[in-house]
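What follows is a single structure, written as structure tokens, with notes after it.
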Number of protein chains: 2
Amino acid sequence: MSEVQSKTAVGPEERDVTELVLQDILTGMLPAGTWLKQIDLERRYDCTRPEVRRALDRLSQKRLVAHVPNRGYHVYQPDDRNAREVGDIRVILETAVADMMVANATSDSIATLRGLARYFDEMTLTGTILEHYEANLAFHRELLLLGGNQALVDLVSEIRQRTSSAPVSQWRTRARIEKSGREHHMMIDALEARNAEELKRLIALHIRQPADTPK
Amino acid sequence: MSEVQSKTAVGPEERDVTELVLQDILTGMLPAGTWLKQIDLERRYDCTRPEVRRALDRLSQKRLVAHVPNRGYHVYQPDDRNAREVGDIRVILETAVADMMVANATSDSIATLRGLARYFDEMTLTGTILEHYEANLAFHRELLLLGGNQALVDLVSEIRQRTSSAPVSQWRTRARIEKSGREHHMMIDALEARNAEELKRLIALHIRQPADTPK
DNA sequence: GTATCTTAAATTGGCGCCAATATTGGTAAC
DNA sequence: GTTACCAATATTGGCGCCAATTTAAGATAC
């Protein structure tokens with residue numbers, strides 16, 4: 001009716017609701033266990049009921065939220081066992097194509113990776129938590145892409161979200177973040193040196209970092 | 001109101017629509033490329049419009065059907081490259097836990113596997129295409145379960161559907177099916193003999209079978 | 001004062017309608 | 001006879017309402 005738009009953010013409102021909820025879960029704005037009432041989401045993201053429902057259904061298919069019939073949806077409470085198992089899967093998949101990555105690495109791709117690693121470091125200081133998360137994702141995607149298996153790249157991106165429900169606790173200490181940044185550069189070094197074994201070792205270490213508990 | 005139930009088949013009607021469509025795609029009743037008109041599905045599975053919509057949305061999330069805005073949904077046309085890549089992923093994942101499988105194998109679990117392998121052979125002769133498919137799935141699930149990684153078992157089951165969009169072409173020849181049945185038993189033999197390397201070789205061979213083209 | 005039953009509010013979830021868009025068939029013009 | 005345009009039909013997809021179930025609160029009885 002009137003030209004007055006509630007909220008100044010007119011542009012980003014047009015994005016997909018599923019993405020928005022996903023981001024808020026990943027960034028920790030919606031902590032694990034939070035009940036996602038349809039009315040609240042409707043207002044929060046300024047969207048309709050069916051849109052909210054579709055988003056919740058999709059996220060429950062991805063195992064990011066749990067659905068209790070006639071009770072509603074809540075953010076999935078990640079159990080340690082599953083987190084460890086998914087970590088193991090990631091190590092298996094990402095180290096499996098290390099030889100390919102070394103074989104396919106060109107000076108161009110290495111330069112691109114350096115840029116992405118630097119961008120990650122930059123976001124550590126100046127970026128939002130979301131930008132930081134996505135910078136990390138972009139680096140790993142580009143690295144994996146050298147493996148030559150597109151389906152594998154997509155799959156890893158997918159299962160990555162499956163445990164990152166507790167991103168805040170994973171990335172809590174600045175020391176750990178900076179260590180991750182350094183490891184990125186070390187991976188590129190190993191790639192440049194055509195040292196596949198060292199690359200595998202670094203990847204495994206990098207992924208297992210959060211669960212690096214001495215049993 | 002009245003006790004009269006339309007249609008004698010009261011039981012199977014109550015199942016989830018997504019499952020039903022999925023099965024019909026997997027068994028080849030809905031061939032690749034088929035346009036899935038909402039009205040048709042509504043009548044075919046005797047369900048409501050929203051149910052059909054939700055099923056189509058879920059299947060498109062799983063990449064089993066493709067969605068063209070304002071045009072509709074159609075069964076995904078599997079491209080060879082993706083099929084090969086997914087095959088490679090399965091080889092990576094399933095061979096990665098071969099050592100664990102050998103380590104965790106007990107006489108009990110081997111007996112269970114023998115039973116499942118025999119059941120598969122049985123279904124080759126007497127079962128429907130769906131029963132046959134599920135018997136194969138059950139065997140591989142039980143085998144993978146010995147790896148000790150539940151998340152990996154689920155993941156493999158998931159990505160398995162991702163290429164089996166052309167199940168008919170994969171399992172077309174009886175000779176190949178019988179070869180698969182024999183390989184199941186050979187895997188159990190390797191497991192019993194605690195021969196992890198042979199098991200890996202067999203698994204890789206078994207998975208790559210359909211794409212066994214001499215380059 | 002506490003526990004339990006009853007009643008009211010809120011939330012979920014199923015269902016159908018209607019507008020927007022694409023497709024098909026027909027007609028007219030070239 | 002063929003092509004292009006237009007209209008009618010069919011299909012998709014957004015949206016809101018209402019019933020079923022659950023939860024919370026209040027009142028009454030013990």
Side-chain angles (χ1 to χ4, degrees), chain A residues 1-2 5-7 10-22 24-25 30-77, chain B residues 1-7 9-22 24-25 29-77:
Chain A
M1 301 302 175
S2 68
Q5 298 276 356
S6 61
K7 297 195 178 81
V10 189
E13 301 283 334
E14 303 302 324
R15 300 240 339 243
D16 183 26
V17 191
T18 313
E19 283 292 315
L20 295 174
V21 181
L22 179 66
D24 283 349
I25 292 175
L30 294 172
T34 310
W35 282 95
L36 302 168
K37 297 203 198 108
Q38 299 183 2
I39 289 244
D40 291 344
L41 300 182
E42 206 172 327
R43 285 197 270 256
R44 194 178 211 270
Y45 303 105
D46 187 36
C47 57
T48 65
R49 182 61 61 95
E51 281 179 301
V52 171
R53 280 239 217 117
R54 192 166 47 137
L56 288 173
D57 186 65
R58 284 181 178 176
L59 293 173
S60 67
Q61 291 295 308
K62 285 186 181 176
R63 297 257 181 99
L64 268 153
V65 306
H67 176 48
V68 186
N70 290 325
R71 288 282 309 277
Y73 299 79
H74 63 88
V75 181
Y76 208 89
Q77 201 89 30
Chain B
M1 298 302 177
S2 70
E3 73 266 78
V4 178
Q5 298 277 358
S6 61
K7 293 198 179 79
V10 189
E13 301 284 333
E14 302 301 324
R15 302 246 332 249
D16 182 26
V17 192
T18 314
E19 283 293 315
L20 294 174
V21 181
L22 179 66
D24 283 349
I25 292 175
M29 289 188 113
L30 294 172
T34 312
W35 282 95
L36 302 168
K37 296 203 200 109
Q38 299 184 3
I39 290 237
D40 292 344
L41 300 182
E42 205 172 327
R43 284 197 270 257
R44 194 176 210 269
Y45 303 105
D46 188 36
C47 58
T48 66
R49 181 61 60 97
E51 283 179 298
V52 170
R53 266 234 230 124
R54 191 167 45 137
L56 288 172
D57 187 64
R58 285 182 177 176
L59 292 173
S60 67
Q61 291 295 307
K62 286 186 180 175
R63 297 258 181 98
L64 267 152
V65 305
H67 176 49
V68 186
N70 290 325
R71 287 283 308 278
Y73 299 81
H74 63 88
V75 182
Y76 209 88
Q77 202 89 30

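Here the structure is a predicted model, which means the values were calculated and not measured. Numbers restart at 1 for each chain; the letters A, B, ... are given by sequence-line order, proteins then strands.
When distances run from any side-chain atom of A/Arg53 to the nucleotides C/dA22, C/dG14, D/dT22, the shortest one goes to C/dG14. The listed nucleotides are C/dT23, C/dG13, D/dT23; the one nearest the side chain of B/Arg71 is C/dT23. Residue B/Lys37 places its side chain closer to D/dT12 than to any other of D/dG13, D/dT12, C/dT12. Side-chain atoms of B/Thr48 lie closest to C/dC15 of the nucleotides D/dT11, C/dG13, C/dC15. Listed candidates were D/dC15, C/dA22, C/dT12. Nearest to the side chain of A/Pro50 is D/dC15. Closest contact between the side chain of B/Asn70 and the listed nucleotides C/dT23, C/dG13, D/dG13 involves D/dG13.
Base contact: B/Arg49 has a heavy atom under 4.0 Å from a base atom.
The phosphate of D/dT12 has neither OP1 nor OP2 within less than 4.0 Å of any side-chain N or O from B/His67.
The distance from the CG atom of A/Leu56 to the NZ atom of A/Lys37 is 13.5 Å, given to the nearest 0.5 Å.
Between A/Asp40 atom CG and C/dT11 atom C1' the separation is 10 Å, expressed in whole Å. A straight line from CD of A/Gln38 to P of D/dT22 spans 16 Å, rounded to a whole angstrom. The distance between atom CH2 of A/Trp35 and atom C1' of C/dA10, rounded to the nearest whole Å, is 15 Å.
Judged by distance alone, with hydrogens and angles left aside, the side-chain atoms of B/Glu19 form no donor-acceptor pair with the main-chain N or O of B/Asp16 at under 3.5 Å.
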